[in-house]
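In what follows, a single structure is set out as structure tokens and then discussed.
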Amino acid sequence: MKKICVLGLGYIGLPTAAMFGTHGFEVVGVDINRHVVQVLRKGDIHIEEPGLRTLVEAALRSGHLAVQEQPEEADVFIVAVPTPLAQRVPENGERDDTPHADLSAVTSAAHSIVPFLREGNLVILESTSPPGTTLNVLCPLLEESGLRVGRDLLVAHSPERVLPGRVLEELVRNDRVIGGIDGRSAEEVRRLYASFVEGEIFLTDATTAEMVKLMENTYRDVNIALANEFALVAEHVGINVWEAIELANRHPRVKILKPGPGVGGHCIAVDPWFIAEAAPEITPLIQTARWVNDAMPEQVVACIRKLVTGLESPVVAVLGLAYKANVDDARESPAVQVVQELERAGYEVRASDPYVRRVAALSKQPIALDDALAGADCIVLLTDHTLYANLSPQVVAQAVRSRIVLDTRGCLNLAAWETAGFHTALLGQSNVVPPRVLAEAIQ
Ligand code: SAJ
């Protein structure tokens, strides 16, 4: 039975390890975080993802998955560690705010396997990385073992493309792009993943595979930035951007994404910078899209300021802290930035989220929805969790102090909220400023 050592037991590494463990491989899952190893050994999991608990339990119970803090000898090594953004250290006193990839987890994972490498091993980088990482960063590190890449070692990049919230399903169903440093490496990885991947597997070279992954997320980021810019223009020219996008998308070759309070998560807001860092002078579009999306939380706060103008000590009830619908992840969430910005501006903010229990970046932790709504002056919907669409405006109207609601995700039935007596506002529609406030402002 082939043995696989998976480095990094996070959102990608853990499902991948469990998947191989339940498909005929002996898997050793490695994480440098002792807490993660302890939790998994107790039969618990540290990540919320539909179906993951059952899969990990099955793999552990079968004896085909073991978790530990140190790597060991294996036939295959899979590196699935985070590649977050870091700010560049200024050189020559020059300021450079352009974020770039922090590859320290990749390099330390690679270092950690060097003593265990033997001839014939296959090393796969799964972590999303700037173009050239596999060839120029990973390969030289692996050669510190004395083995030669291409002759003694097979190396490939096999990026994950799964959507948080649908990881297990997409791990199996999605097509996969595998980039080898040579044909033999790519073919070996194909054979491995074909054990559970039902989607098509495409082979290419390592740097192309790195770019493909980055291009997918950058395409989405630029598209969302366009939607956000359209939303701001819509407010300016007096139309409803949601209706306009829906109509534009009736064109067979147009698919505009949705505007919102910004782009969160660890992928879409990060990956475009990996392309920009490879070619900073020739990526103005990609960089501008990032700035446009990063500015959305501020736009939302400006909108809230207008809505509560004239109210004494306004209380803002925030609905949703997670970075997107129906997930529990609030890290890098634009909603958290909105809350921080509102607090800095001196507003009393009561934030709630059915899935998020704690947000390290916030001083005040999420509270129950009822508590957030009680006595609020302005309700701001920041995450489109399905259950918010089912809220009864009549019931909410009884709980609040002032009836003002702002929907930044286009997911509330605002006509029903108006019937319940609310002044409604929608991001990307020209009605963000209540007529009363406008009248005051004009006087
Ligand atoms: N968002 C919008 N408008 C939209 C769609 C999304 O504002 O129309 C926002 C979301 O609210 C969220 C952010 O963008 O804050 C990102 O959400 P997402 O669902 O678009 O993507 P992620 O980051 O959860 O997962 C992406 C996926 N990539 C693509 O769809 C191309 C996933 O397949 C990747 O595996 C993942 O990044 C990754 O790990 O790279």
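Scope of the values below: all heavy atoms of this structure, side chains included, with no hydrogens, waters or symmetry mates. One-based numbering, in listed order, for ligands and for the atoms of each.
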*What atoms of ligand 1 come closer than 4.0 angstrom to any heavy atom of Pro164?*
24 (O), 25 (O)
*Between the side chain of Trp242 and the main-chain N/O of Leu427, is any donor-acceptor distance below 3.5 Å?*
yes
*asked:* With a cutoff of 4.0 Å, is Gly265 in contact with ligand 1, counting heavy atoms of the residue only?
replied: no
*Between Glu170 and Arg173, does at least one N-O distance fall below 4.0 Å, as a salt bridge requires?*
no
*Nearest heavy-atom neighbours spanning Pro259 and Val241*: CG-CG1, 3.9 Å
_atom 19 (O) of ligand 1 - nearest protein heavy atom and its distance_ = Lys324 NZ, 3.0 Å
*Does an N or O anywhere in Glu216 fall below 3.5 Å from an N or O of ligand 1?*
no
*Among all protein non-hydrogen atoms, which one is nearest to atom 27 (C) of ligand 1, and what is the separation to 0.1 Å?*
Leu163 CD1, 3.6 Å
*Does an N or O from Asn217, backbone or side chain, lie closer than 3.5 Å to an N or O of ligand 1?*
yes
*asked:* Against ligand 1, does Thr128 come closer than 4.0 Å with any heavy atom?
replied: no
_Quick check on contacts: which atoms of ligand 1 are under 4.0 angstrom from a heavy atom of Glu160?_
35 (O), 38 (C), 39 (O)
*Tell me which protein heavy atom sits closest to atom 21 (O) of ligand 1, plus the residue, atom name and distance to 0.1 Å.*
Ile268 CD1, 3.4 Å
*What residue and heavy atom of the protein are closest to atom 16 (C) of ligand 1, and at what distance?*
Gly264 O, 3.7 Å
*Atoms of ligand 1 less than 4.0 Å from Cys267 heavy atoms?*
23 (O), 36 (C), 37 (O), 38 (C), 39 (O), 40 (O)
*asked:* Given 3.5 Å as the limit, does a donor-acceptor pair link the side chain of Arg403 with the main chain of Ala420, or not?
replied: yes
*asked:* Below 4.0 Å, non-hydrogen atoms only: which portion of His266 touches ligand 1? Side chain, backbone, both or neither.
replied: neither
_atom 12 (C) of ligand 1: the protein heavy-atom neighbour that sits closest, reported with distance to 0.1 Å_ = Tyr323 O, 3.3 Å
*Just by distance, with hydrogens left out, do Asp75 and Asn121 show a side-chain donor and acceptor under 3.5 Å apart?*
no
_Suppose I only count heavy atoms of Lys213 and a 4.0 Å limit; which atoms of ligand 1 are within that range?_
34 (C), 35 (O), 38 (C), 39 (O), 40 (O)
*asked:* When you compare the side chain of Asp221 with that of Arg290, does any pair of heavy atoms fall below 4.5 Å?
replied: yes
*Who's the nearest protein heavy-atom neighbour of atom 6 (C) of ligand 1, and how far?*
Ile224 CD1, 3.5 Å
_Show the atoms of ligand 1 that are less than 4.0 angstrom away from any heavy atom in Arg161._
32 (C), 33 (O), 34 (C), 35 (O)
*State, to 0.1 Å, how close Pro284 and Ile282 come at their nearest heavy-atom pair, and which atoms those are.*
CD-C, 3.2 Å
*asked:* I want to check something: taking the side chain as every heavy atom from C-beta on, are Asp44 and Arg53 in contact at a cut-off of under 4.5 Å?
replied: yes
*ligand 1 contact on Val162 by region, counting heavy-atom pairs under 4.0 Å*: backbone
*Pick, from Lys258, Arg220, Arg409, the option with the minimum heavy-atom distance to atom 5 (C) of ligand 1.*
Arg220
*asked:* Looking at Asn249 and Ile256, would you say the former's side chain and the latter's main chain have a donor-acceptor pair under 3.5 Å?
replied: yes
*asked:* So which atom in Phe422 and which in Val396 form the shortest heavy-atom distance, rounded to 0.1 Å?
replied: CZ-CG1, 3.9 Å
*Of all heavy-atom pairs between Arg357 and Gln365, which one has the smallest distance, and what is that distance?*
O-OE1, 4.1 Å
